[in-house]
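Working notes for the structure below.
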Amino acid sequence: DAGVHARCNAAVFDTESPIAPAQFAMALNARLPEDIRVTDSVETDPDFHPRKCESRKTYEYRIYTGKIDNPIGRDYALHVYVPLDEEKMKQALSYIVGQHDFTSFCATQAQIRSKVRIIYAASLRREEDYLIFSFTGNGFLMNMIRILVGTLLEIGRGYMQPEDMREILLAKDRAKAGPTAPPHGLCLVGYEFDY
């Protein structure tokens, strides 16, 4: 997803290279652009693939709420200067926790059979002038978090009510949800699975 950030991710590849598994991180970093870094490299079971095993991903979406946009963090947070009702947004988050069909929160061009996902945790916290949404789940659909955030912002602005989130889920209709939030506020911050 162009414009989205990641503090962590996982990749697998097959190789017959004589480089020791633990040395691949350094070898790759020597060739990668400076805004991409491999932090670790290990040998795994030949059948392991991060997309085909049980895992949990955690994404955060950052919103800067200062009156004037912060030029230093502008590539990593959406600037929203209008007041937002944080309590209503927190209430709305409670409706998405659990197993649901997230069709209403999926890009219409996504080509995937099942749109059922499990959200283990969803929260909102404030850190000074930043609001940070956090979502932990077993997987996410195309633009799912960005559409969730766009809908939550509509609730925070008073254009929707928290309980509308339940109705949007049940509708299984992308047109019922809010707009897709821009990508730059979104970051993958956690990826847990068993090797």
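Listed by chain and number, the residues in a salt bridge (Lys or Arg N to Asp or Glu O under 4.0 Å) with R56 amount to none (sequence neighbours excluded). Considering only residues two or more places apart in sequence or on other chains, Q111 meets the side-chain hydrogen bond (donor to acceptor under 3.5 Å, both in side chains) condition with none of them. Remark: N70 engages Y130 in a side-chain hydrogen bond (donor to acceptor under 3.5 Å, both in side chains) (not counting sequence neighbours).
Of the inter-residue distances, the one linking F105 atom CZ with K115 atom NZ reads 13.0 Å to the nearest 0.5 angstrom. With rounding to the nearest 0.5 Å, the separation of CD in Q91 from CD in Q161 is 9.0 Å. Summarising the geometry, atom CD1 belonging to I63 is positioned 10.0 Å from atom CD1 belonging to I132; distances are rounded to the nearest 0.5 Å. One distance of note links NE2 of H5 with CD of E60; it measures 12.5 Å at 0.5 Å rounding.
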Would you tabulate the side-chain donor-acceptor contacts of residues 74-85 under 3.5 Å, counting partners in other chains and residues two or more places apart, or write 'none'?
unit_1 : atom_1 : unit_2 : atom_2 : d
H79    : NE2    : G66    : O      : 2.7
D85    : OD1    : E87    : N      : 3.2
D85    : OD1    : K88    : N      : 3.0

Atom pairs and distances, side-chain donor-acceptor, residues 8-22, under 3.5 Å, sequence neighbours left out:
unit_1 : atom_1 : unit_2 : atom_2 : d
T15    : OG1    : S17    : N      : 2.9
S17    : OG     : I19    : N      : 3.1

Expected list for residues 171-178: side-chain donor-acceptor pairs under 3.5 angstrom, two or more places apart:
unit_1 : atom_1 : unit_2 : atom_2 : d
D173   : OD1    : A175   : N      : 3.0
R174   : NH1    : G178   : O      : 2.9
R174   : NH2    : G178   : O      : 3.1
R174   : NH2    : T180   : OG1    : 3.0

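Both Y59 and I112 belong to a common hydrophobic cluster when Ile, Leu, Val, Met, Phe, Trp and Tyr are linked at side-chain heavy-atom distances under 4.5 angstrom. Linking Ile, Leu, Val, Met, Phe, Trp and Tyr whenever their side-chain heavy atoms come within less than 4.5 Å puts L152 and V4 in one cluster. Hydrophobic clustering (ILVMFWY, side-chain heavy atoms < 4.5 Å, transitive): Y95 and Y61 are in one cluster.
Closest approach of L188 to T58, counting heavy atoms only: CD1-O, 3.5 Å. When every heavy atom of I168 is checked against every heavy atom of S104, the shortest pair comes out as O-OG, 2.6 Å. D40 approaches V42 most closely through the heavy-atom pair OD2-CG1, 3.9 Å. Nearest approach of F140 to K57, heavy atoms of both residues: CE1-O, 3.7 Å. Of all non-hydrogen atoms in F102 and I119, the two that sit nearest each other are CZ-CG1, 3.5 Å. In terms of heavy atoms, L148 sits closest to M165 at CD2-SD, 4.5 Å.
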Quick one, L131 with R62, criterion side-chain contact (heavy atoms from CB on, under 4.5 Å). Give me CA distance, side-chain angles, the key distance, then yes/no. CA-CA 6 Å; L131 287 176; R62 298 175 70 85; over 6 Å; no

Before giving the answer on salt bridge (Lys or Arg N to Asp or Glu O under 4.0 Å), spell out for E86 and R125 the whole-Å C-alpha distance, their side-chain angles and the decisive distance to 0.1 Å. CA-CA 9 Å; E86 295 175 41; R125 70 183 188 276; over 6 Å; no

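Note on E154 versus R157: salt bridge recorded, some NZ/NE/NH1/NH2 to OD/OE distance being below 4.0 Å.
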